[in-house]
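Whatever order the structure lists ligands and atoms in, that order sets their numbers, starting from 1.
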Amino acid sequence: MAGYLSESDFVMVEEGFSTRDLLEELTLGASQATTGKVAAFFVADLGAIVRKHFGFLKCLPRVRPFYAVKCNSSPGVLKALAELGLGFSCANKAEMELVQRIGVPASKIIYTNPCKQIAQIKYAAKHGVRLLSFDNEVELAKVAKSHPSARMVLCIATNDSHSLSHLSMKFGASLKSCRPLLENAKKSHVEVVGVSFHIGSGCPDPQAYAQSIADARLVFEMGAELGHRMHILDLGGGFPGVEGAKVRFEEIASVISSALDLYFPEGCGVDILAELGRYYVTSAFTLAINIIAKKEVLLDQPSREEENGFAPKTIVYHLEEGVYGIFSSVLFDNACPTPILQKKPSTEQPLYSSSLWGPAVDGYDCVAEGLWLPQLHVGDWLVFENMGAYTVGVGTLLRGTQACHITYAMSRVAWEALHGQLLPAEQDEDAEGMCKPLSCGWEITDTLCVRPVFTPASIM
Ligand SMILES: Cc1ncc(COP(=O)(O)O)c(C=O)c1O
């Protein structure tokens, strides 16, 4: 037991008890609060994160998972992942501070922003974070001066043209520029130890990983020719976090495994890492949010009015959070958040064209449009599932003004599995069917009979 996460960090729930039960209890309590302030909140099932981890190890046993802190830096998530033995991929000083504050050693942190402030490079040097990424000459010069003992990972560009969010426009060296960069690193006495890439998020083509792995092989050869001791391949993130994703995680894992066998076979002496964000946390978080205002807007469509015998209208609902906060995935990931109503509507209730808006006084803060909902009221709760990725920000956490309260929960079974107590699978391969599901209770899960093979060793 690593000691990052303790029973006091979450509500221990028994099997059969669901996130939705917990949510219902909490919304009832919040509605009855006498302060009049009813704030949005999350329920986070840490058991879902544990389950994802076992799923990852099962499909990609050769890959050491690191967690991309920017994705969700809430303390319960970081502690659970540290407890599972993950390393952490940090984009800035604030993220490094956050994970070091919970006790993660510097040897398990990668500073993966290829364009860093000099002060933050110095911070990494001072605090023992030695593995840093780069993709250009200027960065190389900065690191050579400010962090002479750094070990650099060359971040290469990928073909992310099909991905929903593109990173290669901003980050990643072209293959053509890799040799001069590696030569320059050698001249400047900067040690290059590996290659990384990020295929972008929401990529519908798993072959993009295979292509980037093949490209990385070429860069490994170049590096080795120039005398660099190349031994780290970092596959980045972009793995889907929800069940219904266009391309399933298992499909991507299978393409990656084949490409690794071809270009980086077992025993080749290369440590394979990935920096997963959304994969781990998306489905673990459910948001409950309250309607704070509403307005009925009559539509100027006389013909429909005549046809139906009543005025056509659309209902505009206002929420306390919008696309500049918790719902930022609408802007950055083309997400279409769909609310679940806490009170299930009866079949006789008429449905109205409806839209949900955030608090900003501008026309962009639209959370969802084109919904058909029954008549809702101020104070009613809306529930959004799969809200774990890119909703909880590091800035607010550091300032201690986290926007939304998070109630963490985990089933006893998941807690025991987290500590390697899934005994049936450990003792008897044939007893697979006897393994208990790892969830906070409401999902029917795969049985997870995999023992963690990734031990939290340093990668340096
Ligand atoms: C360098 C890097 N690694 C990992 C991630 C995590 O990506 P995802 O949440 O799609 O797994 C990101 C996200 O932008 C990133 O920039």
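Within the 6.0 Å centre-distance limit, the rings of Phe239 and Tyr209 are counted as a close aromatic pair.
Distances between N or O atoms of Leu276 and those of ligand 1 include no value under 3.5 Å. In terms of polar-atom proximity, defined here as any N/O pair under 3.5 Å, Ala68 makes no such contact with ligand 1. By the 3.5 Å distance cut-off applied to N or O atoms, Lys70 is counted among the residues near ligand 1. Considering backbone and side-chain N/O of Arg278, one or more are found under 3.5 Å from N/O of ligand 1.
In this structure, Phe264 and Phe220 have perpendicular ring planes: the angle between them is above 60°, well past the 30° mark. The aromatic rings of Tyr279 and Phe249 lie tilted to each other, with the angle between the two planes from 30° to 60°.
Residue contact annotation: Ser89 has no non-hydrogen atom under 4.0 Å from ligand 1. At least one heavy atom of Tyr390 sits less than 4.0 Å from an atom of ligand 1.
Considering only residues two or more places apart in sequence or on other chains, Asp21 meets the side chain to side chain donor-acceptor pair (under 3.5 Å) condition with Ser18. In this view, Asp365 satisfies the side chain to side chain donor-acceptor pair (under 3.5 Å) rule with no residue, not counting sequence neighbours.
Using a cutoff of 4.0 Å between basic side-chain nitrogens and carboxylate oxygens, Glu183 and Lys186 are not scored as salt-bridged.
With ligand atoms numbered from 1 in the order given, ligand 1 contributes 1 (C), 2 (C), 3 (N), 4 (C), 6 (C) to contacts under 4.0 Å with heavy atoms of Glu275. Within ligand 1, counting atoms from 1 as listed, the ones closer than 4.0 Å to a heavy atom of Gly238 are 7 (O), 8 (P), 10 (O), 11 (O).
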